[in-house]
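What follows is a short report on a single structure.
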Amino acid sequence: MAIPSKWTLFAQRSARVAKDQVAAVLRMDPGYSHSPPKTLFAFKTQADIPQYVVGSDADIGGYSSAKLELDPQGHGRFFGEIRTEVRPQMQGKMRSGYAGFRNKMRPSLFGNVTDDLSLYKYLCLRVKAGGDPQTRNGYFVNIQTDGPIETDLWQHRLYLRGNGQWEDVLVPLHKFILTNSGEAVNSNMAMMSESIKSIGISLLGGNANIQGKFELGIDYIGATTDPNDLPSTTPTPTGESAPPTSQV
């Protein structure tokens, strides 16, 4: 399958923004209350993968590694190795043991595309944890909004069964914690859920001394209000049906 050109993606995003603006006007109607589940990011085709940026502590002097690719079954595969040591010249200057990915910024005719989740209660993800067992408890979900401070990040632990099977996980949006540069921020500010720029997943092993090879299968990231009504996605492979939804 050919990967769409930058201009094609630009036009698609611009059309999406126009559609979302119409939907926003409808939501202003007091009689409008319909918020169907929606898929925000899918990991289904080779064309989806370049829409994300991947990084690790190796970018600034560590030894961790990370990649995001499409597996043979047509799902995202985030994998690599978490290591907590750093290069000699960076001793005492940085914290290591992290890897992550997020969607890239999405320019359009109307500016960067953002997602309005103000009428939704949960961020939902279909994932499958593999790799070394000790790495399966170190995942976090990260949300960046169109707020005034670029380094602010809303974060929540991603609790997984970690049994190597697909699972649906719901994270209440109101439970995300504001962080900056990896530290929790003591603030009563609410998340700007009507203007979300990026969503990603990270594995943080430094503070907990988590090391080893990691692997996380990713089917989609979406939003819903009803835990029993999830975004419509391509079924998981035969014999790998997702277990009941878990909430955190």
Side-chain angles (χ1 to χ4, degrees), residues 41 43 49-71 75-105 123 125-145 149-167 169 171 175-187 191 196-219 221 246 248:
F41 301 103
F43 301 78
I49 303 304
Q51 309 308 310
Y52 305 93
V53 59
V54 182
S56 74
D57 58 59
D59 299 328
I60 57 171
Y63 289 99
S64 298
S65 63
K67 291 183 179 181
L68 180 66
E69 65 180 23
L70 196 71
D71 70 16
H75 297 92
R77 178 177 177 246
F78 176 54
F79 67 101
E81 183 176 9
I82 287 292
R83 297 173 62 180
T84 56
E85 65 268 31
V86 301
R87 302 183 190 281
Q89 66 271 27
M90 298 303 294
Q91 289 287 344
K93 298 179 181 179
M94 63 167 284
R95 288 186 297 180
S96 62
Y98 70 85
F101 73 89
R102 63 164 175 81
N103 64 281
K104 295 178 180 178
M105 296 298 103
L123 191 72
L125 310 90
R126 177 167 292 168
V127 293
K128 179 172 66 171
D132 293 340
Q134 64 269 25
T135 66
R136 300 174 189 176
N137 295 319
Y139 289 103
F140 287 78
V141 186
N142 308 304
I143 294 178
Q144 184 182 27
T145 67
I149 303 177
E150 285 285 332
T151 52
D152 277 353
L153 202 64
W154 295 86
Q155 196 170 72
H156 196 288
R157 188 76 170 267
L158 184 58
Y159 294 101
L160 304 174
R161 295 186 179 93
N163 56 6
Q165 305 218 355
W166 289 100
E167 54 186 297
V169 182
V171 185
K175 288 190 175 182
F176 276 78
I177 301 298
L178 178 61
T179 69
N180 188 291
S181 301
E183 301 293 338
V185 175
N186 186 14
S187 172
M191 183 198 297
I196 291 176
K197 289 199 301 187
S198 73
I199 300 176
I201 296 175
S202 60
L203 176 56
L204 306 180
N207 290 339
N209 196 31
I210 295 173
Q211 300 191 77
K213 296 184 182 299
F214 69 90
E215 182 172 345
L216 186 71
I218 312 150
D219 187 46
I221 299 174
S246 60
V248 296

Note, Val127 side chain near Tyr139 side chain (heavy atom, < 4.5 Å): no
The side-chain contact (heavy atoms from CB on, under 4.5 Å) partners of Asn180 (sequence neighbours excluded) come to Ile149, Thr151, Asp152, Val185
Is there a side-chain contact between Phe43 and Ile221, using heavy atoms and a 4.5 Å cut-off? yes
Taking the six-membered ring of Phe214 as reference, does the cationic atom of Arg136 (NZ for Lys, CZ for Arg) lie under 6.0 Å from its centre and within 45° of its axis? no
Side-chain contact, heavy-atom cut-off 4.5 Å: Met191 with Ile143? yes
From CD1 (Ile60) to OH (Tyr98), nearest 0.5 Å: 3.5 Å
Which value, rounded to the nearest 0.5 Å, describes the distance between Lys67 atom NZ and Glu81 atom CD? 12.5 Å
Decide yes or no for Leu178 and Trp154: does some side-chain heavy atom of the first lie under 4.5 Å from some side-chain heavy atom of the second? yes
Is there a side-chain contact between Glu150 and Lys197 in this structure, where contact means two heavy atoms from C-beta onward sitting under 4.5 Å apart? yes
Heavy-atom donor-acceptor pair, Asp132 side chain to Lys213 backbone, under 3.5 Å: yes
Would you say Thr179's side chain and Leu153's backbone share a donor-acceptor pair under 3.5 angstrom? yes
Taking the side chain as everything from C-beta on, heavy atoms only, tell me whether His75 gets closer than 4.5 Å to Trp166. yes
Spell out, as yes or no, whether a donor-acceptor pair under 3.5 Å connects the side chain of Ser56 to the backbone of Ala66. no
Has the side chain of Glu215 got a donor or acceptor atom that lies under 3.5 Å from a matching backbone atom of Arg77? no
Where is the tightest heavy-atom contact between Asp57 and Arg83, given as atom of each residue plus distance? OD2-O, 3.7 Å
Do side-chain atoms of Ser64 reach the backbone of Ile82 as a donor and acceptor pair under 3.5 angstrom? no
Minimum side-chain heavy-atom gap Met105-Gln144 below 4.5 Å: yes
Leu216, Ile199, Ile201 screened by side chain to side chain contact (heavy atoms under 4.5 Å, CB included) with Leu125, the one that passes: Ile201
Taking atom CD1 of Ile49 and atom CG of Leu70, what is their separation to the nearest 0.5 Å? 5.0 Å
Report yes or no: does Asn103 contribute a side-chain atom to a donor-acceptor pair with the main-chain N or O of Gly200 at less than 3.5 Å? no
Decide if atom CD of Gln89 counts as having more than 12 heavy atoms of other residues, nucleotides or ligands within a radius under 6.0 Å. yes
Is the backbone N or O of Leu160 less than 3.5 Å from a side-chain atom of Glu167, with the two atoms forming a donor-acceptor pair by type? no
Please round to the nearest 0.5 Å and tell me the distance separating atom CG of Asn209 and atom CD of Gln134. 10.0 Å
At their closest point, which heavy atom of Ala184 faces which heavy atom of Ile177, and how far apart are they? CB-CG2, 4.4 Å
Could you tell me the separation between the OG atom of Ser202 and the CZ atom of Phe78, rounded to the nearest 0.5 Å? 8.0 Å
Answer yes or no: is there a donor N or O on one side and an acceptor on the other, between the side chain of Lys104 and the main chain of Pro50, under 3.5 Å? yes
Is the shortest heavy-atom distance from the side chain of Tyr52 to the side chain of Ile218 under 4.5 Å? no
Output the distance between atom CZ (Arg102) and atom CG (Leu68), rounded to the nearest 0.5 Å. 13.0 Å
